[in-house]
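FYI, side chains are in, hydrogens and waters are out, and symmetry mates aren't considered; it's all heavy atoms of this structure.
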Amino acid sequence: MGEQEYGQPAAPPGAASEDRGDPTTQQMRTIGQRRREAERKLDLHLEEASHKGEPSATEGEGHSEG
């Protein structure tokens with residue numbers, strides 16, 4: 001049944017060279033955006049964890065980001 005492993009679709013002829021080497025500008029932008037979002041989410045979790053257990057007068061606020 002060929003040399004291709006199961007579960008992996010056949011790659012176009014030029015794709016093998018694109019997978020190796022430096023990432024493209026768009027890939028770097030995507031990585032940076034995901035990293036910023038992850039850091040923002042981590043900061044929110046850390047802040048919530050540090051305030052957990054403290055009595056809060058404005059319970060429920062702080063979650064309306066938009």
Side-chain angles (χ1 to χ4, degrees):
M1 288 244 181
E3 298 175 7
Q4 183 180 0
E5 293 187 27
Y6 293 103
Q8 294 182 350
S17 62
E18 291 178 10
D19 289 342
R20 299 181 190 125
D22 296 332
T24 64
T25 303
Q26 184 60 41
Q27 289 171 328
M28 292 300 291
R29 287 180 181 155
T30 302
I31 291 168
Q33 180 181 1
R34 288 180 181 174
R35 179 174 288 171
R36 285 189 298 274
E37 289 173 0
E39 288 175 350
R40 188 178 310 123
K41 188 174 182 180
L42 177 61
D43 287 340
L44 284 172
H45 284 290
L46 290 172
E47 187 176 332
E48 288 175 3
S50 68
H51 295 299
K52 194 169 188 172
E54 294 179 6
S56 169
T58 57
E59 205 165 306
E61 286 187 20
H63 296 284
S64 59
E65 191 172 307

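- With sequence neighbours left out, the side chain to side chain contact (heavy atoms under 4.5 Å, CB included) criterion links S50 to no other residue.
- In this structure, M28 CE and T30 OG1 are separated by 10.0 Å, a value rounded to the nearest 0.5 Å.
- Taking the side chain to side chain contact (heavy atoms under 4.5 Å, CB included) definition, one finds that E39 meets it with R35, sequence neighbours left out.
- In this view, T24 and Q27 satisfy the side chain to side chain donor-acceptor pair (under 3.5 Å) rule, not counting sequence neighbours.
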